[in-house]
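One structure below.
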Amino acid sequence: MAAIELSEVRKVYAGGVEAVKGVSLTIPDGAFCVLVGPSGCGKSTLLRMVAGLESISGGTVRIGGRVVNDLEPASRDIAMVFQNYALYPHMTVRQNLEYGLKNRRTPKEEIARRVEEAARILEIGQYLDRRPGQLSGGQRQRVAMGRAIVREPAAFLFDEPLSNLDAKLRVTMRAEIRRLQRRLKTTSLYVTHDQLEAMTLADQLVVLNAGRIEQAGSPMAIYEKPASLFVATFIGSPAMNLVPLDGPGASPLATLAGPGKAKQTLGIRPEHMRLLEGGAGVRADEIVLDLSVSGVEVVGAESYVTGRLANSGPEIAVRVPGYSHLEPGASVKAAAPLGAFHRFDAESGRRLELA
Amino acid sequence: MIERDRGGRIFAHLLLILGVLIVAFPIYYTFIASTQTIQTILRPPLPLTPGGEFAENYGQALFGGVGRIGGVDVGTLLFNTSVMALGIALGKIAISLLSAFAIVFFRFPFRMFFFWMIFVTLMLPVEVRILPTYKVMVDLGLIDTYAGLILPLVASATATLLFRQFFMTIPPELVEAARIDGAGPMKFFRDILIPLSRTNIAALFVILFIYGWTQYLWPLLVTNDNRMNTIVIALKKMVSFADADTPWNLVMVTAILAIVPPVLVVVLMQRWFVRGLVESEK
């Protein structure tokens, strides 16, 4: 049980490439923090610096109040779950779980008790005498988690642990990781490039871009108030629609511009808009956009209709419940509530709040 | 690749059986000769069935001592050769494992330089460096010792390169997981790397044991005392230019006995040997 505190952590590689450019972040005790960002944003490097697998070029990392910059991974009181599981292939599941404890000279009865308990929690009891090669991907993932649990560490570190699983298993394991973390109340740092995984798992969501924190906060706070264009487009699927106010087709939206002279870009999420079909009326707080349909994506319970704004403008996606029969080339009107728009400074990308 | 054509299968089998016969017949003939009296051998043609001297010949060779090689019995020769072959095989494996471990998993100054140094020694087989090596062995007083037989042949660039290739296929996460599990470098080496390499080690052991067993030039140079001879050297010494001086029956016994240990090693380790060569279990 311990908080993880990063202050001004930097990573500069030998070649002079700065992968992490001063990250400060506090993960409270027992919280589940997810680092999310595109590949190359430094999220894995950051995690590996916390783990001690990568040297820290600047700043300090504290785990449970103790500066761990110069400690070996084994003495940082952490456990890590790797993307490819990294189980020892020649050892049985039981030996895999025991190995770290044995190296730590944990008493035999204590090892047996912890392995027993981890096996019970993860329901891997019947595999204990098998080798990792005889297990399926999901089972290996559980064993990898088991290896982390038996250590009873101050913090769990997850490095894209679900990336090697198929889509269905990923959803199940995601829920399981969440449940497990709630139950053990162990501070966790989780790295992923999958924004859906990030949204569903996190207590604290941290969006990284180019080695810097773009925004940190609760998943819904970030979803509802993205601090920048980058976050707005990265979090949410399909991405938020963006309309540069000085671009083509933006004239009906000009009145929505926030104060200030800066060039602005408006954003609106697909689910906040609706198509005006079958004589649906426009409410007073809505603005109507003319779209020429360019494609329809049917997900099942809902469809996403994409269309160009005023023929030559940016593409706008609109969520439609059920199955949409619209054909490409059709013209439709879409209504967007005025209050659902986000405003961004087009140059700096920062969010603009209405005064 | 299952051949359904019956005629083709019979033909293939006949061809294979013929091949086996061609390879096996000289060995069989040697065995026949080793059970005959010297008179029978010297008066061709040699019969194709075993003679009655099996116990007599083998007993004399193993325990009696053979005159032309200073009365040393074949038992001693087998022991010498085993010590040398095992020493070379195990020594080579130990050194190559350690040097490959250093080169793959550690970052030290001149790492690549050392790697290339090892690589370059591939171009310097024993024959090329035999004079300086001999001089060194003389200076160290290692003539007529097991150490003298083994040491110069122990370093192996081939085995080092083989282990290096294998170690490089080990996922880096495995190394990192071990670090987090609190395993230091030597613990990682012992608990993880060696168990993972065991099939490679077994395959290499078979190859190196046979390499050691069949060494000729170096043992010839470094042993003067007949009691330190290896079986291959002794075999050579037993054969004289004049047929009459050569105890052919004992030569045949020695030849058969010289074949047995390598064959045993191959047969007993066959399963491991094949696995080591074909599979890379990770």
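All of these numbers come straight from a predicted model, not from anything done at the bench. When reading the values below, keep in mind they use all heavy atoms of this one structure, side chains included, and skip hydrogens, waters and symmetry mates. Reminder, nothing fancy here: chain letters follow the sequence lines and each chain counts from 1.
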Donor-acceptor contacts under 3.5 Å from residues 148-156 of chain A side chains, at least two apart:
unit_1   : atom_1 : unit_2   : atom_2 : d
A/Arg151 : NH1    : B/Ile180 : O      : 3.3
A/Arg151 : NH1    : B/Asp181 : OD1    : 3.3
A/Arg151 : NH2    : A/Ile78  : O      : 2.8
A/Arg151 : NH2    : B/Ile180 : O      : 3.3

Enumerate, atom names and distances included, each donor-acceptor pair closer than 3.5 Å involving a side-chain atom of residues 99-121 of chain B, sequence neighbours excluded.
unit_1   : atom_1 : unit_2   : atom_2 : d
B/Ser99  : OG     : B/Ile95  : O      : 2.8
B/Ser99  : OG     : B/Ser96  : O      : 3.3
B/Arg111 : NH1    : B/Ile103 : O      : 2.6
B/Thr121 : OG1    : B/Ile118 : O      : 2.5

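Residue A/Tyr13 places its OH atom among more than 12 non-hydrogen atoms of other residues, nucleotides or ligands, all under 6.0 Å distant.
By a heavy-atom distance cut of under 4.5 Å, A/Tyr99, A/Gly100, A/Asn103, A/Arg104 are the residues of residues 92-115 of chain A near chain B, going up by number. Within residues 37-48 of chain A, the residues that have a heavy atom under 4.5 Å from a heavy atom of chain B are A/Arg48, listed by number.
Of the residues considered (B/Ala177, B/Ala183, B/Pro172, B/Gly182), B/Ala177 shows the highest number of contacts with chain A, using heavy-atom pairs under 4.5 Å.
With a threshold of 4.5 angstrom between heavy atoms, A/Phe82 approaches chain B through side-chain atoms but not through N, CA, C or O.
Rounding to the nearest 0.5 Å places CG of B/Asp191 at 7.0 Å from NE2 of A/His90.
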